[in-house]
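Note that ligands are numbered from 1 as they come in the structure, with each ligand's atoms numbered from 1 the same way.
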Amino acid sequence: MRIFMTGASGWIGSATAAALIERGHEVTGLARSEQSAAALTAAGITPHAGSLDDLDSLRTGAAASDGVVHLGFKHDYSDMAASGRTDRAVLEAFGDVLAGSDRPLLLASGAAGLTPGRITTENDRNPSEGPDSMRGGGENLALSFADRGVRSVALRFAPTVHGPGGDHGFIATIAQAAVRSGQSAYIGDGANRWPAVNRADAAELVALALEGATPGSVVHVVAEEGIATKDVAEAVGSALGLPVESIHPDAAGERFGWVGRFFALDTPASSLLTRERLGWEPVAPGLLADIASGYYTP
Ligand SMILES: NC(=O)c1ccc[n+]([C@@H]2O[C@H](COP(=O)([O-])OP(=O)(O)OC[C@H]3O[C@@H](n4cnc5c(N)ncnc54)[C@H](OP(=O)(O)O)[C@@H]3O)[C@@H](O)[C@H]2O)c1
């Protein structure tokens, strides 16, 4: 297939593009700068000039493709509402182009915080509805495109997609907070759980979903259902040679910044249905092993 990707230069997107190319697909990637275009070219991806704010560039990219994988996102944590509005506008543009074609539209979403305190499954509807909700309510919007003849698929990534080289997301931020304070912290009793997936397994699953997921379906890109955050803090402390401590929930914002409210969540997620439906079996190292490997040592 000729795939148009956004975010192909990013942490998950670069591994996903490599997996797609490995499986014989051709990948064209949105590039908002010469630097990104050069990185894409070096990876065997054809750059397509444009940006998430340039809807015409997205429309032409999608129109020339057999399917779209949308992994680009503005990670501006100071204005997530604006990032959400952009994401919604991007998805609306893709939906208009792909309507009636049965072509796939895979979009990134998250598995965290959807059903706090109990295991989230693929059958749980995302509570974010409408433009003013988390990520602009993009997941439900895109899934509704299945009624318009689009093979839309929501990729709910675990809140940490880890791997060699270390991402710049949640675990990196937690490790930086540990270095700053001289203590690796968890919140309260640290029994609250976080799902995780290795980037290599995630990329493989996106490829499987592109090839085989059904219209309007939800895919849980989750290898480990829930790791106690105390275990995460202990692994970070051990990797950094720092003591481990519990902090009060009220201190989480000051200690961890924007990650604090996520690190406090108990948000396990299952991928049982995903594995059954797509035959996915994650094989890469787990989160604690990757932390122990030193990938998150700032
Ligand atoms: N990583 C995780 O642990 C995780 C967990 C849950 C969900 N997710 C979601 O999965 C998706 C991919 O995440 P990621 O970690 O791979 O993200 P990332 O490494 O931050 O990459 C973001 C991508 O978006 C592109 N981008 C950002 N702003 C853009 C703009 N204005 N125009 C065009 N492209 C733009 C970047 O391009 P440049 O190269 O030009 O900067 C980059 O390719 C995101 O939707 C993210 O929220 C990630």
- Query: Can you name the one residue among Leu106, Leu30, Asp87, Leu58 that meets side chain to side chain contact (heavy atoms under 4.5 Å, CB included) with His70?
  - Reply: Asp87
- Note on the structure: One finds that the ligand 1 atoms under 4.0 Å from a non-hydrogen atom of Leu71 are 11 (C), 12 (C), 44 (C), 45 (O)
- Message: Between the side chains of Arg277 and Glu122, is the shortest nitrogen-to-carboxylate-oxygen separation below 4.0 Å, so that they form an ion pair?
- Response: no
- With atoms numbered from 1 as shown, which atoms in ligand 1 lie under 4.0 angstrom from a non-hydrogen atom of Thr160? 3 (O)
- Sub-4.0 Å heavy-atom approach of Ala158 to ligand 1: yes
- Within a strict 4.5 Å, meaning less than it, do heavy atoms of the Asp167 and Tyr296 side chains meet? yes
- Would you kindly specify which portion of Ala39 sits under 4.0 Å from ligand 1, judged on non-hydrogen atoms: side chain, backbone, both or neither? neither
- Measure Ala31 to ligand 1 on non-hydrogen atoms and call it side chain, backbone, both or neither using the 4.0 Å cut-off. neither
- Message: Starting from atom 41 (O) of ligand 1, what is the nearest protein heavy atom, named by residue and atom, and what distance separates them?
- Response: Arg32 NH2, 2.7 Å
- Ligand-residue contact atoms, ligand 1 with Ser109, heavy atoms, under 4.0 Å: 7 (C)
- Side-chain donor-acceptor contact under 3.5 Å, Arg32 with Ser36: no
- Message: Suppose we measure from atom 22 (C) of ligand 1 to each protein heavy atom; which comes out shortest, and what is that distance?
- Response: Phe73 O, 4.0 Å
- Who's closest to atom 8 (N) of ligand 1 heavy-atom-wise, of Asp76, Val161, Val221, Ile12? Ile12
- Query: Who's the nearest protein heavy-atom neighbour of atom 45 (O) of ligand 1, and how far?
  - Reply: Arg135 NH2, 2.7 Å
- Which of the atoms in ligand 1, numbered in the order shown and given with their element, are less than 4.0 Å from a heavy-atom of Ser51? 32 (N), 33 (C)
- With a cut-off of 4.0 Å, which atoms of ligand 1 are near a heavy atom of Ser9? 37 (O), 38 (P), 39 (O), 42 (C), 43 (O)
- Message: Would you say Thr120 and Thr115 are linked by a side-chain donor-acceptor pair, where the criterion is simply a distance under 3.5 Å?
- Response: yes
- Task: Enter the distance from Met5:CE to Leu20:CG here, rounded to the nearest 0.5 Å.
- Result: 6.5 Å
- Item | Ring center gap for Phe262 and Phe170 short of 6.0 angstrom | yes
- Around Glu129, counting heavy atoms of other residues, nucleotides and ligands shown, do more than 12 lie under 6.0 Å from its CD? yes
- Query: Under 3.5 Å, N or O to N or O, is Trp11 touching ligand 1 that way?
  - Reply: yes
- In this structure, atom 21 (O) of ligand 1 is nearest to the protein heavy atom Gly10 CA, 3.4 Å
- Please assess Arg156 against Val221 for the test side chain to side chain contact (heavy atoms under 4.5 Å, CB included), listing each intermediate value before the final yes or no. CA-CA 6 Å; Arg156 286 185 187 160; Val221 192; 5.9 Å; no
- Item | Within-4.5 Å side-chain heavy-atom neighbours: Ser65 and Met1 | no
- Which of the atoms in ligand 1, numbered in the order shown and given with their element, are less than 4.0 Å from a heavy-atom of Ser36? 38 (P), 39 (O), 40 (O)
- Item | Contacting atoms of ligand 1, where contact means under 4.0 angstrom from a heavy atom of Ala108 | 10 (O), 11 (C), 45 (O)
- Where Ser184 and Ala178 come nearest, the two heavy atoms and their spacing: CA-CB, 3.8 Å
- Message: Against ligand 1, does Leu30 come closer than 4.0 Å with any heavy atom?
- Response: yes
- Task: Could you tell me if any non-hydrogen atom of Pro159 lies under 4.0 Å from any atom of ligand 1?
- Result: yes
- Message: Going by the closest heavy atom to atom 32 (N) of ligand 1, which one wins out of Leu52, Leu40, Thr86?
- Response: Leu52
- Minimum-distance protein heavy atom relative to atom 23 (C) of ligand 1: Gly7 CA, 3.7 Å
- Query: Cationic tip of Arg135 within the cone over Phe73's six-membered ring, i.e. under 6.0 Å and within 45° of the normal?
  - Reply: yes
- Query: Are the aromatic rings of His48 and Phe4 close, with centres under 6.0 Å apart?
  - Reply: yes
- Message: Does either side chain, that of Ser83 or that of Thr86, offer a donor lying less than 3.5 Å from an acceptor on the other one?
- Response: no
- At under 4.0 Å between heavy atoms, which part of His162 makes contact with ligand 1: side chain, backbone, both or neither? neither
- Item | Atoms in ligand 1 with a heavy atom of His75 nearer than 4.0 Å | 13 (O), 17 (O), 20 (O), 44 (C), 46 (C), 47 (O)
- Strictly under 4.0 Å, does any heavy atom of Arg199 approach an atom of ligand 1? no
- Query: For His168, is at least one N or O under 3.5 Å away from an N or O on ligand 1?
  - Reply: yes
